Each structure stands twice: as structure tokens, then as C-alpha cells.
Amino acid sequence: MSERVHTLLPGSRIWVSTFHRFCAKLLREHGRAVGLNPNFSIYDTGDQQQLIRQLLHDLNFDSAHFPANKINARISQAKNELLSPEKYITRYGEGIGTHLEAVVAKVYPAYQKRLLEANAVDFDDLLVHVAMLLAEQDPLRVELDQRYRFILVDEYQDTNQAQYQIVTALSQIEPNLCATGDPDQSIYGWRGARIENILRFEHDFPAVTMIRLEENFRSTPEILKTADRLIGYNIHRKAKRLKTDNVSGEAVELRLYRDGQHEANSIANEIAALIESGERRWKDFAVFYRVNALSRSLETAFSRQRIPYQMAGGVAFYERVEIKDLLAYLRLIENPQDRIAFLRVVNTPTRGIGKRSLEKLVQWADGIGWNLIDASRQRVPIPALPKRAAVQLRTFAAMVDELSQANCGTVEALLQLILKRTGYLQQLEASPDEMDSQRVGNIEELISAARQYDEQEHENDHASSLTGFLETATLTQDIDSLDESTGTVTLMTLHAAKGLEFPCVYLLAVEQNILPHERSLRQNDARQLEEERRLLFVGMTRAEEKLVLTHTVRRELHGRSLSTIPSVFHDELTVELRDLTGAEDFQFLDSTDHDLRFDRDDFSNSHQTDDEHETSMPSVPELEKHHADGEPWQQRKPPVGQTRSGLRLTTGAALKSGTKQSVELQTGFAIGMQVRHPRYGLGTVIETSGLSKNRTVTVEFAADARRECFVAAKCPLQPIGLR
DNA sequence: GGCCAGTGTCTTTTT
DNA sequence: GACACTGGCC
């Protein structure tokens, strides 16, 4: 967004940022009024829950009965509604609300107090503090109102109460406010977003000019029509019709696969085929899913097929243990009051400072109001603290002091020093665990992120500030790191997809309990179901030319494989049905063990009889209905023979596009192939046997010559080339 | 008192 | 399947 704006208006003084970043910046300048020093820490969800867990312990609440994540959600909800701890107590205190609310009424004030003592804020606080500042400090409000003369809020339908107040407060004297948004794309209700904000905009700002953007320049009429029809099933909605003059394209497909593997492999094959035929480029493709857990099978299939992909979200980079550990060191250096950071790293890597010792330290430090690092440094004996632990604490404090003094150059240099002085890297490098060598890789990535940050700050004539780097690390969503230019397939959740567009979109698992998600069905709340429908709508309208929705007969999730139920949304779509459950999954039908090359025509012929193995062909969900408006469904149940043509069209696309000259296909495992296993590391395939789903592969691992046999279809082995 | 392995629980979406 | 918590061992 920022790049686009600055390209359109070079040299203009426009600041583009998220609400959270904007607020963080304001608080660095003006936070003292709410008790924050400029070097405050920003706590992420993990930090928040850690703090809440400590509080539950201190307040003698059973953390099994009152889980930290639930309490955290309640506190966050309260903050989104600008409900202060005091107001919360009045509303839900003892004897008024539920048991959980009574606990929250105790934890919330303590939580807020602890945050302030640690000179820290959580995500919600960034907004809440600023909203309060603007409400209570009129001179500041006036100053900022005049500073930001023109404000544009994108995706206004996703603003919450706090954001609404901030925007309004900054648009009094200079009421030059422009909001863009679409109520049909409101997908953040669960985190406090209020559609009303956009619906009542005209009321809030009576001098408004409303511009309706009903013409769509992105999608084909086919895509638009089915999306438009779907969203029409939402009752709580301002009716509108989407139109386009774009040329007609392919029909939207709804495909049925056997299971997630089949689905992932087939999509991977199809993409590979479309690339090979020269029709498409990698970056034309995106795959969306409702929950991050669904990305796994795709990742496996894509790596096997050597399809370059980038993923937004997932196990977010900055949430990995090793990254969080190192960031905690940085945080502690920057903000010695940061208790959560201290407790995270004081015994990482282990230094013989255990839980009991830390309890004593905390007790003593709290008694005299010191922060933990100062308490560790001092030499007066702490009651009941073993001498050994006291010595270790002092050593740790001295090390942190030394590191703090080194905090005057680049962030990269500081990180390098931390790695060296703490022995963190050494410990990982010494470990035989493959996971740990991946961690080393992640750390290298962090270092290069730090280097980039340093360079950027240098270019802008700023000194590298640790605060700035930490802020970037905490507030950068993974989607920001997606690179449009890299030419890779993009994988992401439906939420992350908002605002983007791709020529070809695959939207996975349109199944009951996934989309709509089971949690939205639990309370039988029509509004929650409508949000799920909007989510599907958002996903579909990202597609420019080709849109494929999928579902499967069985779905493996949470470690279990269950029969699926077609999504309630199936009946609301105008799509072409395609049952691919009988299609061969040629992923594991590589030719001979020693030769990866094969002739694709031979291949296709030799397996045409394999259909017999497919005993039960699941019936296509009954979709042959007619909508009330009499519009005929384009959906049709394929006659038996059509399954095969389905094969030819999908997996067959790969066959068709294959030229006579054999092409090296990296789909199967062959003897001599080098592979990588997440746990055992590098190895060589020494044996394969069985066919299709039963195919097994035996690997000898380099590290300890151990031999393991895997089911090819299920194992996380990744081919890394032939020896 | 600390460390590690094994067990049990919960499992959406994001800043 | 990831992570917090418990219990046994050093």
C-alpha cells in the first residue's frame, strides 16, 4: 500500500500504517501521560498468556478451570469495547456475572497493573491508551487533529470501538476523513470490529459524499455472479449488486477429492502442468484455507513437486521459540522492567536457575519494588535463595549489563553478541535434533532481518534503535513479508487474503465445520454464520480468472481423519461440480525405482484400469436443486464415465501438456534419492515397495546410519535431489 | 532444587 | 500436533 501510494504521489508526506503501528508511534512520543516510558515493550499473545498464567497462580485460581487463553480473550474483548478494569468490575464483579467473569474481574485489574509496572502494553492497549489520551488530553488531541489533516481509513468495516474513537477524535477541526470499505467483507467481528461504524458513517459525518463502487474490475462475470449470489444469502445486509464488464471466463468449479492429500497433490500437479504449458506463472496462483492447519498437506505436496511457494502466517516466524527467546533478550536490554522477558531468558539456555529460586527472587524484588534484573545484580543475600542460584543470577545480570553496554551500534551486531555470550547458538549447533538445525536457520533469518533493518535506518539517517526493531518484529504481520515479485505460489488463510487478488485461486475445504467453522456453528448464532459466509465471499472475490473450490470425502484434522459433511454454502453457489474421487493420484506411481524418467503417455495408459480398486464412489452431495428465483443450476452430477474425463482434465492436464521428451518428475521416491526428514535429517532412499497408497520407502539416515521405513503418502520426507 | 521425559489437554481467524 | 504440567531421577 505504502509503495503504491508513494509511486502515485512521489515526494508527498503521507504516512501509511496500521492502526497499531500508528498508535505505537504516538505512544512513544506521548505515552508518559498514561504511565509509559518511550522504551515500552509490546506483548504478543504468548506474552499476555504467560502473564495471565502468573497472575492466576498468584491469585490462587486454578489455571485448569480458568484457562489463560479464555481469560485473555475476555480481557481483550473488554478492551475492544473500551471497558476499563474499573468499569469491568462494576459490570461483572463478584455476584453479578458468571464465575469466569468474576475471575476476569479480579485478573484484569491486576493484569493491567503488571503491564504498567513492566513498562509494557499488549496489542489492544496500543489502541486503548491512545483512545484515552485523545479523550482526556484535549491540547494533544487538537495538536494531532491539526497535524493529520487528511485521513483515509481503508477497510473501515473492520474498525473497532477504540479505532473509531481515534479516527473521530482526529477528525474534528480538520474533518477531512475518507473511509473505504465494504460491509460484505467484514470478517473481524470476533475481534471487536463493528460493522455499524461503516453503516452509520453518514450519520456521524453528515457532510459526507458517498461514492458507490459497484463495478468490479477484477473478476470474470462467472466468479462475480456466484460470489454475489452467495452473499445474497446474508440477511443482515444492505443489498447491492456487483457488476462487471470483464470478458467471460471459465466456470467456477467445486471439486470433490478423496482426502486432503489427494486434494493437495492434485492441485500441485495442476499448477505444475499449467506452468509447464506456459499458460501461467507461479505468482498467478494462490491457495486459501480457513485454518492454518490445512497448509501442511499443501506444503508437503508443493515441496515434492518443487513448486516454489510462500506462506503467510502459519507458525508465524516471530512466534517461534528461538526467535522469541532472542527477542526477549533484546527486550530485556531495551526495557529492564520487562518481567516477562526476564523470566523467559533468565534460564535459557539453562543455567541452573529453577522455578523455586525464581519464586524467591520475585518475592524479594516485589517486596522492595525493584525490577528483577536489579534484584539479581545486588549482593545482599535473599532469604531462602540457595547460594548457587544467587551466584548464577549475579552472573546473568552481569552478562545482561555487558550486553546492554553493547547496545550502541547495529541491531545485528548486538544479536551476534547475544548469541555468542549466551551460548544459545552453540547449544543448538551441538544438538543432533534436526529441529534444532532448523532453528539455527531461523536465527540466521532473524539476523538478516536485523541487518536489513539496520541498513534501512542507516539510509534514512537514523541510528538503529532497538525499540524500532522490536516494534517491527512484533507488529509485522507475515503477510507484509510476502513478496509479489518473487514469483511463487502464495498460501494463506482467508483472513489474510483480504485486499489481495490473484488470477487463479484455489479455496480449500469448503466443508461443514471448517467453512463454516464449527465454532461459528456452536452457538447457533446466525450472525456468526453470516461472518463465515462473508469470509468465503472475500476468498472468492480475490480470484480474477480461475476459481476452484474444493472439498473432500475424508478430512484429517487435529490428528484424526473424519468423514466430512458438505458445507451449507454449497447450496448457495453456482458452480460446476467435479467429482474427482475416482481419479488416480499419480503422485506415487513413479516408474521404476532407478529411473525417475518416464513417458507420460505410457503412464496414463497403464493406469486406466486402476479404477477397479476404487470400491465405493461417494455420492456427490445433492446439489441439483433450483434456486427460488428459478435460475437453473449449472451444477450437474457427472455421469459415471465423466469421472474419467475429470481425470483427464485435472491430472490429465499434466499428461496432456507433457511433451514426448521425458520430463523429470520429482513426485515419487526412487532409490538413491537424497531426502530430508524433519526429525532424522538427511538420508538416502535405499528401498521402495508397494504401489499407490501402500507405497513405502526405506531411508538410511546420514547422521547415525539408522534405517526407517515410511508410508510414502504420509511421511514428511522431502526429496532434495539425486546424488 | 533442577532437569528431563512422559502425559494430558485443547485445537479459528489477527494485531 | 503443539504445548503446559507432573513426576521421577540426578
Side-chain angles (χ1 to χ4, degrees), chain A residues 17-24 42-50 53 56-57 62-65 67-70 72-73 76 79-80 121-128 155 158-160 162-163 186-193 288-296 312-316 318-321 347-360 384-390 392 435 471-480 492-498 509 513-522 528 531-532 534-536 538-539 556-560 678-679 716:
Chain A
S17 97
T18 62
F19 268 100
H20 287 84
R21 228 179 259 275
F22 174 76
C23 290
I42 301 171
Y43 281 7
D44 70 11
T45 317
D47 300 320
Q48 293 173 43
Q49 292 191 15
Q50 203 58 48
R53 228 169 265 128
L56 288 170
H57 176 79
D62 177 15
S63 66
H65 209 253
N69 59 350
K70 286 227 172 82
N72 190 25
S76 173
K79 288 184 177 180
N80 284 329
V121 297
D122 63 23
F123 288 133
D124 301 314
D125 281 342
L126 288 169
L127 307 175
V128 173
E155 307 286 8
D158 285 328
T159 51
N160 65 20
Q163 290 164 336
S186 162
I187 53 175
Y188 285 103
W190 52 274
R191 64 172 208 206
F288 303 150
Y289 34 80
R290 175 69 233 271
V291 293
N292 281 309
L294 291 173
S295 71
R296 258 207 146 77
V315 184
Y318 289 110
E319 307 227 323
R320 294 170 203 194
V321 247
N347 201 32
T348 323
T350 50
R351 312 187 164 86
I353 306 169
K355 209 171 124 195
R356 297 285 304 157
S357 303
L358 286 173
E359 263 172 38
K360 299 289 176 245
L385 185 75
K387 191 147 178 269
R388 208 186 98 84
Q392 292 291 354
M435 279 278 278
E471 194 169 298
T472 309
T474 323
L475 296 182
T476 298
Q477 39 173 345
D478 260 22
I479 190 164
D480 295 339
M492 65 178 105
T493 64
L494 286 165
H495 283 90
K498 197 171 62 162
N513 296 324
I514 292 182
L515 186 61
H517 194 273
E518 63 161 319
R519 286 176 89 113
S520 70
L521 298 166
R522 251 182 230 174
Q528 284 194 37
E531 183 152 315
E532 296 289 309
R534 289 195 292 269
L535 200 47
L536 177 54
V538 167
E556 208 168 316
L557 206 61
H558 309 151
R560 262 191 324 212
R679 198 142 109 235

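On a predicted model such as this, the values are computed, not experimentally measured, just so you know. Chain A is the first sequence line, chain B the second, and so forth, proteins listed ahead of strands; every chain is numbered from 1.
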Round to a whole Å and report the spacing from [atom1] of [X] to [atom2] of [N].
X	N	atom1	atom2	value
Leu536(A)	dT13(B)	CG	P	17 Å
Glu556(A)	dG1(C)	CD	P	7 Å
Leu127(A)	dT14(B)	CG	P	17 Å
Asn80(A)	dT14(B)	CG	P	16 Å
Gln49(A)	dC5(C)	CD	P	11 Å
Arg356(A)	dT6(C)	CZ	P	14 Å
Asp47(A)	dC3(C)	CG	P	14 Å
Leu358(A)	dG1(B)	CG	C1'	12 Å

Restricting both atoms to N or O, compile the protein contacts to nucleotides 10-12 of chain B shorter than 3.5 Å, with distance only.
{"from": "dT12(B)", "atom 1": "OP2", "to": "Arg519(A)", "atom 2": "NH1", "distance (Å)": "2.9"}
{"from": "dT12(B)", "atom 1": "O4'", "to": "His517(A)", "atom 2": "NE2", "distance (Å)": "3.1"}
{"from": "dT12(B)", "atom 1": "O2", "to": "Arg290(A)", "atom 2": "NH1", "distance (Å)": "3.1"}
{"from": "dT12(B)", "atom 1": "O2", "to": "Arg290(A)", "atom 2": "NH2", "distance (Å)": "2.2"}

Inset, instruction - Using a strict cut-off of less than 4.0 Å between a Lys/Arg side-chain nitrogen and an Asp/Glu carboxylate oxygen, indicate whether Arg522(A) and Glu518(A) qualify as a salt bridge. - result: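 Yes, charged N to carboxylate O under 4.0 Å.
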Legend entry - N/O (side chain, Arg534(A)) to phosphate O (OP1/OP2, dT13(B)) under 4.0 Å: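 False: Arg534(A) side-chain N/O out of range (4.0 Å or more) of dT13(B) OP1/OP2.
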Legend entry - dT14(B) phosphate, OP1 or OP2, under 4.0 Å from Thr45(A) side-chain N/O: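 For dT14(B), neither OP1 nor OP2 has a side-chain N or O of Thr45(A) closer than 4.0 Å.
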Legend entry - Arg351(A) backbone acceptor or donor facing Asn347(A) side chain under 3.5 Å: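 Judged by distance alone, yes, a pair lies under 3.5 Å.
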Inset, instruction - Only counting residues at least two apart or in another chain, list the ones meeting ring pair (Phe, Tyr, Trp, His ring centres under 6.0 Å) with Tyr188(A). - result: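 Applying ring pair (Phe, Tyr, Trp, His ring centres under 6.0 Å) to Tyr188(A) gives Trp190(A), His495(A).
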Inset, instruction - Can you measure from OH (Tyr289(A)) to OG1 (Thr493(A)) and round to the nearest 0.5 angstrom? - result: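 OG1 of Thr493(A) is found 6.5 Å from OH of Tyr289(A).
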Legend entry - From Arg290(A) atom CZ to Leu515(A) atom CG, the distance as rounded to the nearest 0.5 Å: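 Taking CZ in Arg290(A) and CG in Leu515(A), the distance rounds to 7.0 Å.
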Inset, instruction - Please report the closest heavy-atom contact between Leu385(A) and Ser357(A), naming both atoms and the distance. - result: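 What the structure gives for the nearest pair is CD1-O, 3.4 Å.
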Legend entry - Residue pair Leu475(A) / Ala24(A): nearest heavy atoms and the distance that separates them: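 For Leu475(A) and Ala24(A), the tightest heavy-atom pair comes out as CD1-CB, 4.2 Å.
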Please tabulate the protein-to-nucleotide N/O contacts below 3.5 Å involving nucleotides 3-9 of chain B, giving atom names and distances.
{"from": "dC3(B)", "atom 1": "OP1", "to": "Gly352(A)", "atom 2": "N", "distance (Å)": "3.1"}
{"from": "dC3(B)", "atom 1": "OP2", "to": "Asn347(A)", "atom 2": "ND2", "distance (Å)": "3.2"}

Inset, instruction - For the pair Leu127(A) and Asn160(A), evaluate side chain to side chain contact (heavy atoms under 4.5 Å, CB included) and give the outcome as yes or no after the intermediate values. - result: CA-CA 10 Å; Leu127(A) 307 175; Asn160(A) 65 20; 3.9 Å; yes
Legend entry - Nearest listed nucleotide, side chain of Tyr188(A), among dA2(C), dG1(B), dT14(B):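 For Tyr188(A), the side-chain atoms sit closest to dT14(B).
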Inset, instruction - On DNA chain C, check which nucleotide each of Lys355(A) and Val321(A) is closest to and give me the residue with the more 5' one. - result: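 Of the two residues, Val321(A) wins.
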Inset, instruction - Kindly indicate, with the supporting measurements, whether the criterion side chain to side chain contact (heavy atoms under 4.5 Å, CB included) is fulfilled by Arg21(A) and Thr472(A). - result: CA-CA 9 Å; Arg21(A) 228 179 259 275; Thr472(A) 309; 4.3 Å; yes
